[in-house]
Number of protein chains: 2
Amino acid sequence: MKNKSATPATITIKHVAQHAGVSLGTVSRVLNRAGNVDAALRRRVEEAILDLGYEPNPVAQSLRSRQSRVIGVLMPDIQNPLTAAAVTGLEPVLARAGYTLFLANSHSDRERESDVLEQFKRRRVDGVIVMVANDNDEATRAQLRDFSVPLVMMERVIDLDVDCVLTNQYDGTYRATRYLLGLGHRRISLITVPAITHSGRERLRGFEAAFGDLGVEVPRDLIHSEGRQHPYGRDAAYSSLIGREPATAIVASGGHLAGVIEAVRLLNLSVPQHLSLVTLGDTELAALIEPPITAIRYDWPATGRCAAELLLDQLSGGHGATRQRIIVTHEFIIRGSCAPPKASAPRTV
Amino acid sequence: MKNKSATPATITIKHVAQHAGVSLGTVSRVLNRAGNVDAALRRRVEEAILDLGYEPNPVAQSLRSRQSRVIGVLMPDIQNPLTAAAVTGLEPVLARAGYTLFLANSHSDRERESDVLEQFKRRRVDGVIVMVANDNDEATRAQLRDFSVPLVMMERVIDLDVDCVLTNQYDGTYRATRYLLGLGHRRISLITVPAITHSGRERLRGFEAAFGDLGVEVPRDLIHSEGRQHPYGRDAAYSSLIGREPATAIVASGGHLAGVIEAVRLLNLSVPQHLSLVTLGDTELAALIEPPITAIRYDWPATGRCAAELLLDQLSGGHGATRQRIIVTHEFIIRGSCAPPKASAPRTV
DNA sequence: CTGAAAGCGCTAACAG
DNA sequence: CTGTTAGCGCTTTCAG
């Protein structure tokens with residue numbers, strides 16, 4: 001009896017029960033802090049757990065309880081620093097509440113996204129935080145409608161009763177555009193992501209509203225929103241800059257900035273002398289390049305934090321079924337990349 | 001019999017068996033393509049599956065089979081573009097092989113890391129790809145030694161019989177340093193991550209070797225490797241640059257580059273006139289800033305791909321227990337940030 | 001408050 | 001080749 005021959009490969013709740021001289025159920029109750037357990041028994045069980053180095057098997061727990069203490073996070077692009085920042089924001093909140101996070105990357109591919117979501121559900125995640133590739137897509141809507149797992153959307157909206165946390169791309173773009181218009185620019189180019197996400201659509205709206213408020217016609221030929229990648233930014237900027245009525249200013253999303261700068265170099269233009277530039281979403285590149293680029297800075301960590309809290313609310317069965325739509329604020333950071341059109345002064349403010 | 005009253009909430013393998021008029025076991029066999037099943041029966045089962053819209057419950061599968069078709073990926077920092085690129089490299093390889101990827105972020109925190117690894121194991125992931133926070137740590141080594149889940153390390157080595165995929169930080173740093181020495185620099189500063197990872201140690205070795213080969217003494221006072229964050233890079237560069245024998249060149253890791261540039265601006269120095277700069281790890285910032293920074297470019301996607309393939313090998317029970325250590329190559333990209341010390345010529349090469 | 005018993009949904013061993 | 005039978009390790013009734 002002294003040396004227990006061959007410790008079982010995996011030690012289970014059963015061994016703990018034996019060791020503590022109680023029943024299975026009691027051990028389970030201790031584990032789940034459910035139903036009052038007599039202090040003495042509880043001690044015995046806790047000791048047995050320590051003695052044996054017992055660790056519950058979450059797979060078995062999930063099978064039985066249909067829960068998992070896991071939150072699934074679906075992102076379109078892990079390489080995008082902005083979405084990475086959002087994830088960093090939501091991690092501590094959820095971790096503190098005892099949830100493990102599993103991230104998955106869809107590469108903005110609807111099929112992968114659908115698979116991942118399915119996987120999450122089947123694996124009984126307790127909740128999901130999603131940035132879908134296309135929030136305007138009927139298949140996506142259908143999948144999410146019937147999803148029946150607590151869900152929060154980040155930076156996307158969809159015509160469903162779900163919590164959404166959004167940055168104010170409308171206002172950001174509006175302010176950037178107004179600023180440029182105020183400087184005297186009229187030929188302003190907008191280079192952004194496709195209108196299949198909230199961000200894409202809101203930027204477009206903000207851009208148009210800024211022109212509308214001044215009664216100036218929107219330069220539709222300078223709007224580019226067909227691609228997400230770096231090369232698209234370059235090509236879009238290039239084409240805005242070479243027409244016979246070229247753009248004198250560009251409003252570009254953070255992901256496109258590098259491409260825009262490439263085009264500017266290619267054409268040997270100076271910023272802000274020949275061209276003014278504002279970026280939607282602040283990045284290291286924008287802050288450090290010369291001249292530093294005036295930017296709208298969105299608070300992605302806050303967005304993540306907020307999404308996490310909304311999910312936690314749902315998980316704790318909080319305030320009924322009142323789904324929310326939260327808009328996170330931003331700042332306008334004026335740096336040195338804007339001047340009146342054709343100005344020779346090196347900078348403005 | 002026509003209208004089955006109230007479809008059960010979750011439909012199980014049992015329902016499929018009933019519907020197809022076969023036994024549980026047969027359905028399972030069809031699902032797992034195991035043991036030959038008569039073509040006719042197989043058809044019936046497949047039809048039933050489609051009819052009922054049946055989807056296997058992976059939690060139950062895992063509980064029974066002790067597998068999961070899931071690979072866990074542990075990263076130290078999701079916000080680091082380099083590691084994000086590595087993940088992007090390994091995703092398609094593993095996805096093609098039918099595995100789902102769950103990523104987790106340790107924030108370089110040993111405790112989180114340990115938890116995540118434990119979670120992965122308990123949830124019966126089939127394999128893990130890890131970048132541990134400190135590959136020199138005894139607790140880490142102990143955990144990994146007894147881990148008993150197929151494992152591949154990325155950009156870390158440890159005194160254990162495991163597969164490792166590494167970039168050649170030794171050679172990269174050696175070449176960068178040699179290049180600077182060849183230009184005539186002697187006061188070269190190395191700003192890099194702590195020596196608690198392969199990268200940190202190998203960079204240091206490469207740096208020292210370059211000096212050693214020329215019989216020049218290593219400027220130890222200019223070596224900074226205590227922090228990972230952006231501000232650390234700035235402070236380290238600053239202190240290298242203000243002494244009475246300031247550095248005339250800096251070799252900085254990619255993550256520190258932004259900080260270094262800040263310090264350079266603060267001190268109003270020109271690159272490469274006053275200071276030469278090489279970065280270890282190419283980034284968008286390095287390529288686009290003026291002057292563009294000479295860089296060692298590591299192939300992170302290839303590193304990820306390679307790690308994925310090694311893991312797949314293990315999973316398919318491939319070539320016995322021969323663990324490998326693979327070194328991925330890199331390029332030296334000469335741009336405009338280096339010149340002989342105190343040179344007035346704008347650039348070199 | 002505690003023990004016994006019944007599964008969660010599936011795979012795998014065993015007969016047939 | 002197929003059906004039956006045990007469980008995987010746990011939670012959750014249900015009695016007591």
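Sequence lines set the chain letters: A, B, ... in the order given, protein chains first and strands last, and positions in each chain run from 1.
Environment of CZ in A:Arg145: crowded, with over 12 heavy atoms of neighbouring residues, nucleotides or ligands closer than 6.0 Å.
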task = Assign a letter to each nucleotide of nucleotides 8-16 of chain D from its 5' end: B, base within under 4.0 Å of a protein heavy atom; S, sugar-phosphate only; -, no contact.
result = BBBBBB---
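Distances shown here put a side-chain N or O of A:Thr26 below 4.0 Å from the OP1 or OP2 atom of C:dG3.
As rounded to whole Å, 12 Å separates atom P of D:dT4 from atom CD of B:Gln18.
Between the side chains of B:Glu155 and B:Thr197, not a single donor N or O lies within less than 3.5 Å of an accepting N or O. Side-chain contact check for B:Arg110 and B:Gln143: at least one donor-acceptor pair (N or O, by modelled atom type) lies under 3.5 Å.
Of the charged side-chain nitrogens involved, at least one lies within less than 4.0 Å of a carboxylate oxygen, so that A:Arg141 and A:Glu138 count as a salt-bridged pair.
Each of B:Arg122, B:Arg123, B:Lys121 was scored for a side chain to side chain donor-acceptor pair (under 3.5 Å) with B:Gln119, with one residue passing: B:Arg123.
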